[in-house]
Amino acid sequence: MKIENIILYRLSLSLKSPFSTKYGTVKDREFLLLKVKDETGAVGWGECVAFDAPWYTEETVDTCEYALKHFLIPFLKGKKVTHPRETTKLFSFVQGHSMAKASLDLALWDLYAKKLGKPLGKVLGGTASKISSGVAIGISDEESMIQSIDRYVKAGYKRFKIKIKPGHDYEVLKKIRQQFPDLPLMADANASYTFTDMSLLEQLDTLNLMMIEQPFGKDEFFQHSELQKVLKTPICLDESITSVEKAYQAIQFKSCKILVVKPGRIGGLSPSLQIHELALKHHFPLWVGGMIESGVSRAHNVALASLPGFTIPGDISASDRYWRRDVVKKGIKVSDGHIEVPSESGLGFFIDEPFIDQIATKKEEF
Ligand code: OSB
Ligand code: MG
């Protein structure tokens with residue numbers, strides 16, 4: 001496929017209610033969408049999932065827009081791409097900027113699958129016809145957290161991830177555990193602890209959690225492996241896994257027992273497939289993480305989650321978890337805790353272009 005035309009949109013959606021982590025609160029979600037067209041007029045869509053400020057990753061919407069406009073898009077335009085797996089190598093002339101690279105990688109995978117006339121999940125090697133859906137619960141007062149868990153239990157969600165931070169951890173989780181004794185429950189610490197919090201982390205070990213996500217800083221592979229020796233609860237690394245190489249380190253150093261894969265953060269579906277291969281080889285369970293993204297990125301996540309290594313329900317909640325109106329028509333639906341993996345070609349969810357045109361604050365064509 002020869003890439004002839006690329007459109008970059010910048011837009012923002014307001015969350016139905018703010019989502020808080022230890023880093024701060026997201027109220028309005030700004031993001032980029034990329035529409036890539038080849039010489040036959042076939043189209044693929046990708047989303048850039050960086051946030052407007054560098055609280056969770058170094059990249060932001062602005063740095064991504066810069067890297068895309070000045071380096072990645074001019075390079076890709078006019079190029080012939082035989083297979084989207086080539087993106088990692090193709091984009092290696094730019095250091096870092098994984099979230100910017102991911103948006104094009106995702107669009108190329110959608111385009112490639114559409115040209116084959118096959119669903120993206122199948123093209124990636126997916127086997128599942130539906131996936132289990134999990135939900136992330138932001139930090140707020142105990143009562144509201146329990147109410148939202150209750151609502152999502154009733155909606156059938158299969159896994160509950162609770163955001164924690166120092167001072168808002170053991171006691172909250174203990175209350176949730178008392179109210180919901182059999183709930184598939186996990187905690188995401190977003191790197192907010194250090195080795196001096198050992199006794200607190202050992203307390204969390206008594207709550208029958210599925211896993212504790214990213215207790216320490218992103219570069220602390222050694223400290224995580226020391227912690228994993230002490231805890232029976234599996235550690236799952238999120239912020240630490242910025243590339244295939246980091247996933248390999250985490251496995252070899254025994255820094256965790258579970259990995260979360262976020263295609264939009266690690267450079268796209270191409271590196272995600274490499275982590276999937278690694279994880280299968282080393283018997284590491286995987287799940288697909290979320291970025292409070294629109295239906296475009298969620299649709300890529302659904303396709304990835306249909307691969308056999310993704311055995312744990314991820315952060316793939318329905319469009320109505322965050323949005324009044326999503327940028328994909330009909331939105332992503334969760335029914336009895338499951339999302340159907342589309343059988344239509346490409347992403348399989350239809351992009352609401354008139355809505356995107358209406359809300360875009362920027363639209364640039366290359
Ligand atoms: O740490 O997993 C995280 C959202 C934004 C930034 C970081 C994280 C999250 C989530 C996923 O917890 C929430 C979702 O997409 O539903
Ligand atoms: Mg996380």
Side-chain angles (χ1 to χ4, degrees), residues 13 15-31 47-61 98-99 102 131-140 145 148-149 151-152 155 157-165 169 185-193 209-218 220 224 234-242 246 250 256 258-266 286-302 304-305 312-323 326 331-332 334 339:
L13 289 173
L15 272 71
K16 281 161 110 180
S17 56
F19 185 88
S20 297
T21 70
K22 82 110 197 199
Y23 301 116
T25 301
V26 182
K27 288 198 192 80
D28 297 300
R29 179 64 165 113
E30 203 176 14
F31 58 101
E47 176 171 348
C48 176
V49 299
F51 292 96
D52 58 3
W55 51 270
Y56 171 70
T57 60
E58 289 154 355
E59 291 178 86
T60 65
V61 182
S98 308
M99 298 169 101
I131 58 158
S132 295
S133 191
V135 64
I137 311 287
I139 294 174
S140 100
M145 289 178 78
S148 29
I149 295 170
R151 189 165 73 241
Y152 295 120
Y157 279 90
K158 304 291 181 206
R159 188 230 62 186
F160 297 77
K161 165 165 130 179
I162 312 299
K163 293 286 186 179
I164 58 168
K165 63 176 181 183
D169 39 42
L185 184 66
M186 58 177 284
D188 186 358
N190 281 119
S192 52
Y193 298 90
L209 300 175
M210 299 167 76
M211 69 192 92
I212 301 172
E213 187 178 335
Q214 197 72 41
F216 300 152
K218 78 173 170 55
E220 300 187 51
H224 278 114
I235 294 172
C236 171
L237 292 181
D238 174 11
E239 282 89 330
S240 297
I241 309 304
T242 50
K246 296 287 179 186
C256 60
I258 297 173
L259 290 169
V260 45
V261 182
K262 295 189 174 178
R265 187 165 64 63
I266 63 167
L286 296 175
W287 54 279
V288 178
M291 289 292 290
I292 320 182
E293 62 259 271
S294 89
V296 174
S297 173
R298 289 288 212 228
H300 284 93
N301 290 350
V302 169
L304 181 64
I312 300 174
D315 288 331
I316 315 177
S317 45
S319 292
D320 68 6
R321 159 76 181 89
Y322 294 117
W323 320 121
D326 202 341
I332 290 176
V334 171
I339 299 174

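Counting convention: from 1, in listed order, for ligands and their atoms alike.
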Worksheet item: Has ligand 1 got any nitrogen or oxygen that is less than 3.5 angstrom from a nitrogen or oxygen of Lys163?
Response: yes
Item to complete: Considering heavy atoms of the protein only, find what lies nearest to atom 1 (O) of ligand 1 and give residue, atom and distance to 0.1 Å.
Response: Asn190 ND2, 2.7 Å
Discussion item. I'd like to check which ligand 1 atoms, numbered from 1 as shown, lie under 4.0 Å from a non-hydrogen atom of Lys262.
Written reply: 1 (O), 2 (O), 3 (C), 7 (C), 8 (C)
Worksheet item: N/O to N/O below 3.5 Å, does that happen between Glu239 and ligand 1?
Response: no
Worksheet entry | Atom indices of ligand 1, in the order listed, that fall short of 4.0 Å to a heavy atom of Lys161 | 2 (O), 3 (C), 10 (C), 12 (O)
Discussion item. Give me the residue, atom name and distance of the protein heavy atom closest to atom 5 (C) of ligand 1.
Written reply: Phe51 CZ, 3.4 Å
Discussion item. Once you restrict to heavy atoms under 4.0 Å, what part of Val135 touches ligand 1? Side chain, backbone, both or neither.
Written reply: neither
Worksheet item: Tell me, which protein residue and heavy-atom name are nearest atom 13 (C) of ligand 1, and how many Å apart are they?
Response: Tyr322 OH, 3.4 Å
Worksheet item: At what distance is the nearest protein heavy atom to atom 11 (C) of ligand 1, and which residue and atom is it?
Response: Gly290 O, 3.4 Å
Worksheet item: Quick one: does ligand 1 sit under 4.0 Å from the side chain of Arg298, the backbone, both or neither, non-hydrogen atoms only?
Response: side chain
Practice prompt. At a cut-off of 2.8 Å, list the protein N/O/S atoms near the Mg ion (ligand 2), residue plus atom name.
Written response: Asp188 OD2, Glu213 OE2, Asp238 OD2
Practice prompt. Examine the proximity of ligand 1 to Trp55 and report which part, side chain or backbone, both or neither, has a heavy atom under 4.0 Å away.
Written response: side chain
Worksheet entry | atom 4 (C) of ligand 1: nearest protein contact (heavy atom, Å) | Ile292 CG1, 3.5 Å
